[in-house]
*Asks:* 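Let me begin by handing over the structure; questions about it come next.
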Amino acid sequence: MMNHTPTIMKKHHLILCLFSLLCISCAQETTQTSADVKEEKPNIILIYADDLGAGILGYNGQTKIKTPNIDQLAKSGKVFTNAYGSNVCSPARASILTGLNNAHAPVHTPGGLQCQLVAGLIDQATFDKKIYRKQNEGHYYIGQMAQKAGYTTSYFGKLGFGYSDTSEMIDSYGFDYHCGLLDAVMCWSFYPPHYFENGKRILLPNNPKVTKRSPTCLLVGEDSMTYSEDIWLEKALTYIDDKKEEPFFMIYATQLPHGPASIAPKDYVYKDQEGWTKQEKVYASMIHKLDQSVGSLVKKLDELGLSENTLIVFTSDNGHEIQSYTTVNPKTIDPNLVYDYKTKTFNQPIVKPKSKPEFWDGHHAGEDIFNGTRGERGMKRYSFQGGIHLPYIAKWPKKIKASTLSDVVITDYDFMPTIAALINGEIKQTDGISYLPSLLDEGEQQRHDYIFFKNTTGAARDVLIQDAWKLVNEMDLEASDYATQKRVYKWGLYDLSNDPYEKNNLASEFPAKVKEMKKLVTEANQPIQLAQ
C-alpha cells in the first residue's frame, strides 16, 4: 500500500501558499483601493488670515519681517496674483462659506453681542433676539457640501462670518467640530476671557475680564495669560492627528494679524529691533507667529505622511490694516479707527491732529514702514486695491506645479465652487467659478465676466472689476464734510493695467464705460431666490 501522506501534505502546503499569495494580493489590492479612494478625497485646509496685506509677506518683497514658512508654501505651490476679497471681514467670510457675492450672501449680525452678554450689559433674551438666525437660514454652506461628499469638517479660530454667531449656527453651516470665538469684536483681543469648543464655553481665568462692549486689548500680555492663537493651533494639530485616517476639510481662521497689535511675551521676537515703535515691533512679532503656525500645520502633515494628499490654500479675508500698529497720514486721520493702548479704546480724541481732520483719500504718504499694501491705494475698509487685493497661495504636492504663478482673476466666492469641482460636491447656486483648471493646469479655465463686491462700510462701497477696468463707488472728498461726518459718494473709473495705484479717475473721460459697468452693478445687486 502506497503512502500518500507526503503528496497530500505537499498539496496542502501548495494550497496554503496559494491562499497566502491570494491574501497578500487581496491585501495589496485592498490597500491600493483605499489609497485610490483617499486619492479621490484629498484633505483640504484653508488657512484664512485676518487683515493680511500681500506686501507683508517675504515672497511679495517684504524685507523687514521674515516669513520663511509662508514663503516656502509659495515656493512649493502656486501664487495667484489677481485674488480679491471684500474690504471687511464679515462679507468676505460669508462669501467663502456660501460661494455667493456680498449682495447674495447671508447678512451679518451686529458685533459685540458676546462681549455685552459676558459683561452683563444685555441678558440672554436680548442676545437671542438680536442674533440674525433667520437671515442665515436657507443658505447652503461649504461645510454642508463637504459633509455630503464624505468629509469630516472642522473650523478653528474666528468662527462663522459674524459679526456675532452662535455654536448652533456653526453647526448649521456644516462643521462637525469647531473651536474658537463667536464674536468678531471679542476677536480684537488675543487674550479673550473664554472660547467655545463645540458649544461648550471654556474659561481662561488668567485673561482679562470683559466689562464693556469691547474686550481689553493688551499690547504685550503676561506669561500667566493664554494667547488665543496657541489654543487654535494646538487644537488643529490634535484634530489632524485624530482624523488622519479619513478625509477632512478644515478652515483655520486665525485672528492674526488683526489689530490692535498684541503678542505674548514668549513670541515677542522683534522686541529689540532698533528704530521701530513698540506697536511695530509687536505687529512684526504677530506676523512671525502667523508664519510659525503655518509651519506647524505643514510639519504635522509631513510627519503623518499626509502632505501629498492635502490641498492647502492660504489667503486673507481682506487687505492690509495699517491702523493695527500706526496712524494713517497724520493730517488726514479718522481717530475713531485707531486704537489707543492708554485708554484701551478705539475712541482716541487725543490723537486728533492740530490741523483740520479730513477724510483720507487712500493714497499713502510713507506712514507704513512695512508697505503692507505694496503701495496700492487704500487698506482694509476701503474698496481700493489695498483693501481687496489679497495674497493667495495653493499647495498640493505632485498636483500643483511648484513655483508657478496664475494671473486668472479669482475671488473669495470662487473657493466653494472650486472645492466642489475637486471633491465632486453638490453646488446649489453660486456667483463664483471653479479655478481648479488653473490649480492643476488641466482643462480650460472659465473666466469671470466681472467680479463684484457690495460694501457699506469704510470709504468706498460697491466695486466691480471687468477685465482691467475697475468701477468703484468712492467717497467724493470735495462734497463730503468730516466735521459733520457727511459722506457723499461718486463713481470712480480706473484702468488697473496702466494705473494699478488708482491715481487717475477716468470716469469723466469714459462716460459710456461708466454707464455700461453701472448696469452690471445693478445686475449684480439683484436678489436671488435661494435654492432649497
*Asks:* Does any pair with a residue in residues 171-188 pass salt bridge (charged side-chain N to carboxylate O under 4.0 Å, His left out), and if so which ones, sequence neighbours excluded?
*Replies:*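 Listed by first then second residue: nothing to list.
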*Asks:* Under 3.5 Å, is there a donor on one side chain and an acceptor on the other for N371 and H320?
*Replies:*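 Judged by distance alone, the side chains do not pair up.
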*Asks:* Partners of D71 by side chain to side chain contact (heavy atoms under 4.5 Å, CB included), sequence neighbours excluded?
*Replies:*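 Residues passing side chain to side chain contact (heavy atoms under 4.5 Å, CB included) with D71: Y59, T67.
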*Asks:* Among all residues two or more places apart in sequence or in another chain, which pass the side chain to side chain contact (heavy atoms under 4.5 Å, CB included) test with A103?
*Replies:* N101, F452, K454, N525
*Asks:* Knowing that exactly one of M379, K380, Q385 qualifies, which makes a side-chain contact (heavy atoms from CB on, under 4.5 Å) with Y382?
*Replies:*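 The single option meeting the side-chain contact (heavy atoms from CB on, under 4.5 Å) with Y382 is M379.
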*Asks:* Between F510 and W469, is the ring centre distance below 6.0 Å?
*Replies:* yes
*Asks:* Testing the 3.5 Å rule here: is there a donor-acceptor pair between the side chains of Y177 and E197?
*Replies:*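 Checked: Y177/E197 side chains pair up, N/O donor to acceptor below 3.5 Å.
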*Asks:* Report yes or no: is the cationic atom of K428 (NZ for Lys, CZ for Arg) under 6.0 Å from the centre of the six-membered ring of Y140, at an angle within 45° of the ring normal?
*Replies:*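 Pair K428/Y140 counts as cation-pi.
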*Asks:* Would you call R377-E474 a salt bridge at under 4.0 Å N-O?
*Replies:* yes
*Asks:* Does NZ in K513 sit with more than 12 non-hydrogen atoms of other residues, nucleotides or ligands closer than 6.0 Å?
*Replies:*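 Count over threshold, so yes.
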*Asks:* Answer yes or no: is there a donor N or O on one side and an acceptor on the other, between the side chain of Q445 and the main chain of S434, under 3.5 Å?
*Replies:* yes
*Asks:* Do the non-hydrogen side-chain atoms of I96 and I142 ever get within less than 4.5 Å of each other?
*Replies:* no
*Asks:* Is it true that K64 and E280 make a salt bridge, defined as a side-chain N closer than 4.0 Å to a carboxylate O?
*Replies:*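 Not counted as a salt bridge, because no side-chain N and carboxylate O are separated by less than 4.0 Å.
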*Asks:* Under a 3.5 Å threshold, yes or no: a donor from one side chain and an acceptor from the other, between H364 and T373?
*Replies:*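 H364 vs T373: donor-acceptor pair found between side chains.
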*Asks:* For S383 and R461, indicate whether the former's side chain and the latter's backbone hold a donor-acceptor pair under 3.5 Å.
*Replies:* yes
*Asks:* Taking atom NZ of K75 as the centre, does the number of heavy atoms from other residues, nucleotides or ligands within less than 6.0 Å exceed 12?
*Replies:* no
*Asks:* How far does CD1 of I45 sit from CD1 of I240, to the nearest 0.5 angstrom?
*Replies:* 4.0 Å
*Asks:* For the atom pair CD (Q255) and SG (C187), what is the distance rounded to the nearest 0.5 Å?
*Replies:* 4.5 Å
*Asks:* Applying side chain to side chain contact (heavy atoms under 4.5 Å, CB included), name anything that partners S406, two or more places apart in sequence or on another chain.
*Replies:* K78, F80, V408, S438
*Asks:* Is the backbone N or O of A94 less than 3.5 Å from a side-chain atom of H139, with the two atoms forming a donor-acceptor pair by type?
*Replies:*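 Judged by distance alone, no pair lies under 3.5 Å.
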*Asks:* Is it true that a side-chain atom of T310 and a backbone atom of N43 form a donor plus acceptor pair closer than 3.5 Å?
*Replies:*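 Looks like no, no N/O pair under 3.5 Å.
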*Asks:* Using the test salt bridge (Lys or Arg N to Asp or Glu O under 4.0 Å), find all partners of K398 that sit at least two apart in sequence or belong to another chain.
*Replies:*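 Salt bridge (Lys or Arg N to Asp or Glu O under 4.0 Å) check on K398 returns E308.
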*Asks:* Could you tell me whether a side-chain N or O of Q147 sits under 3.5 Å from a main-chain N or O of G174, the two making a donor and an acceptor?
*Replies:*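 Checking the backbone N and O of G174 against the side chain of Q147, a donor-acceptor pair under 3.5 Å is found.
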*Asks:* Sequence neighbours left out, what passes ring-ring contact (aromatic ring centres under 6.0 Å, His included) with Y195? Give chain and number order.
*Replies:*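 Y195: ring-ring contact (aromatic ring centres under 6.0 Å, His included) contacts with W232.
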*Asks:* Looking at every heavy atom in both I423 and A146, which two are closest together, and how far apart are they?
*Replies:* CD1-CA, 4.2 Å
*Asks:* Would you give the length of the straight line joining atom OG1 of T98 to atom CE of M145, rounded to the nearest 0.5 angstrom?
*Replies:* 11.5 Å
*Asks:* Checking side-chain contact (heavy atoms from CB on, under 4.5 Å) for the pair T315/L46: CA distance, chi angles, key distance, verdict?
*Replies:* CA-CA 8 Å; T315 187; L46 171 64; 4.1 Å; yes
*Asks:* For L311 and L422, run side-chain contact (heavy atoms from CB on, under 4.5 Å): C-alpha distance rounded to whole Å, both residues' side-chain angles, the deciding distance at 0.1 Å, then the answer.
*Replies:* CA-CA 10 Å; L311 167 65; L422 175 61; 3.7 Å; yes
*Asks:* Do the side-chain N and O atoms of N318 and D51 include a donor-acceptor pair separated by under 3.5 angstrom?
*Replies:* yes
*Asks:* Looking at Y435, is its backbone amide N or carbonyl O close enough to the side chain of T418 to form a donor-acceptor pair, meaning the two atoms are under 3.5 Å apart?
*Replies:*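 Flag set: sc T418 to bb Y435 pair under 3.5 Å.
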*Asks:* I'd like to know if the side chain of S164 pairs up with that of Q114 as donor and acceptor (distance under 3.5 Å, no hydrogens or angles considered).
*Replies:*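 No donor-acceptor contact under 3.5 Å links the two side chains.
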*Asks:* Within the structure provided, determine whether I251 and S154 are in side-chain contact (heavy-atom separation under 4.5 Å).
*Replies:* no
*Asks:* May I ask you to check whether Y48 and F314 place their ring centers less than 6.0 Å from one another?
*Replies:* no
*Asks:* Looking at residues at least two apart in the chain, or sitting in another chain, which of them share a salt bridge (Lys or Arg N to Asp or Glu O under 4.0 Å) with D267?
*Replies:*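 For D267, the residues satisfying salt bridge (Lys or Arg N to Asp or Glu O under 4.0 Å) (neighbours in sequence not counted) are K289.
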*Asks:* Between the side chains of E229 and S293, does any donor sit under 3.5 Å from an acceptor?
*Replies:*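 Short answer, yes.
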*Asks:* Under the rule for ring-ring contact (aromatic ring centres under 6.0 Å, His included), what residues qualify as partners of Y155, not counting sequence neighbours?
*Replies:* F175
*Asks:* For G99, is there any backbone N or O sitting under 3.5 Å from a side-chain donor or acceptor partner on T430?
*Replies:*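 Yes, the answer is positive, given that a donor and an acceptor are paired below the 3.5 Å cut-off.
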*Asks:* In chain order, what residues pass the side chain to side chain contact (heavy atoms under 4.5 Å, CB included) check against D242, with sequence neighbours excluded?
*Replies:* T238
*Asks:* Is a side-chain N or O of N198 found less than 3.5 angstrom from the main chain of H178, in a donor-acceptor match?
*Replies:* yes
*Asks:* Please enumerate all residues that pass ring-ring contact (aromatic ring centres under 6.0 Å, His included) together with Y84, with sequence neighbours excluded.
*Replies:* H389
*Asks:* Any salt bridge (charged side-chain N to carboxylate O under 4.0 Å, His left out) involving residues 84-103? Give me the pairs, sequence neighbours left out, ordered by first then second residue.
*Replies:*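 Salt bridge (charged side-chain N to carboxylate O under 4.0 Å, His left out) check on residues 84-103 returns D50-R93, R93-D317.
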*Asks:* Check for me whether the distance between the ring centres of Y227 and Y191 falls short of 6.0 Å.
*Replies:* yes
*Asks:* Indicate whether the side chain of D368 and that of Y325 have a donor and an acceptor atom separated by less than 3.5 Å.
*Replies:* yes
*Asks:* If you apply the rule side-chain contact (heavy atoms from CB on, under 4.5 Å), what do you find for F453 with N87, and how did you get there?
*Replies:* CA-CA 8 Å; F453 301 98; N87 68 5; over 6 Å; no
*Asks:* Nearest 0.5 Å, please: how far is NZ in K519 from CG in L464?
*Replies:*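 Spacing of CG (L464) from NZ (K519) equals 14.0 Å.
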*Asks:* If you count every heavy atom of other residues, nucleotides or ligands that lies below 6.0 Å from K299 atom NZ, does the total exceed 12?
*Replies:* no
*Asks:* Taking atom CD of E321 and atom OG of S316, what is their separation to the nearest 0.5 Å?
*Replies:*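 Interatomic distance, E321 CD to S316 OG, rounded to 0.5 Å: 10.5 Å.
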*Asks:* Sequence neighbours excluded, which residues qualify as salt bridge (Lys or Arg N to Asp or Glu O under 4.0 Å) partners of E502?
*Replies:* K470
*Asks:* Rounded to the nearest 0.5 Å, what separation is found between the CG atom of L100 and the OG atom of S95?
*Replies:* 7.0 Å
*Asks:* Please walk me through it: do R447 and V409 pass side-chain contact (heavy atoms from CB on, under 4.5 Å)?
*Replies:* CA-CA 7 Å; R447 303 272 176 166; V409 174; over 6 Å; no
*Asks:* Under the criterion salt bridge (Lys or Arg N to Asp or Glu O under 4.0 Å), I'd like the reasoning laid out for K266 against D230: C-alpha separation, chi angles, the key distance, then a yes or no.
*Replies:* CA-CA 11 Å; K266 65 183 176 60; D230 292 331; 3.0 Å; yes
*Asks:* Cut-off 3.5 Å, side chains only: do D291 and N69 have a donor facing an acceptor?
*Replies:* yes
*Asks:* Keeping D499 on the side-chain end and N504 on the backbone end, is there a donor-acceptor pair under 3.5 Å?
*Replies:* yes
*Asks:* Is there a donor-acceptor pair closer than 3.5 Å between any side-chain N or O of T326 and the backbone N or O of Q323?
*Replies:* no
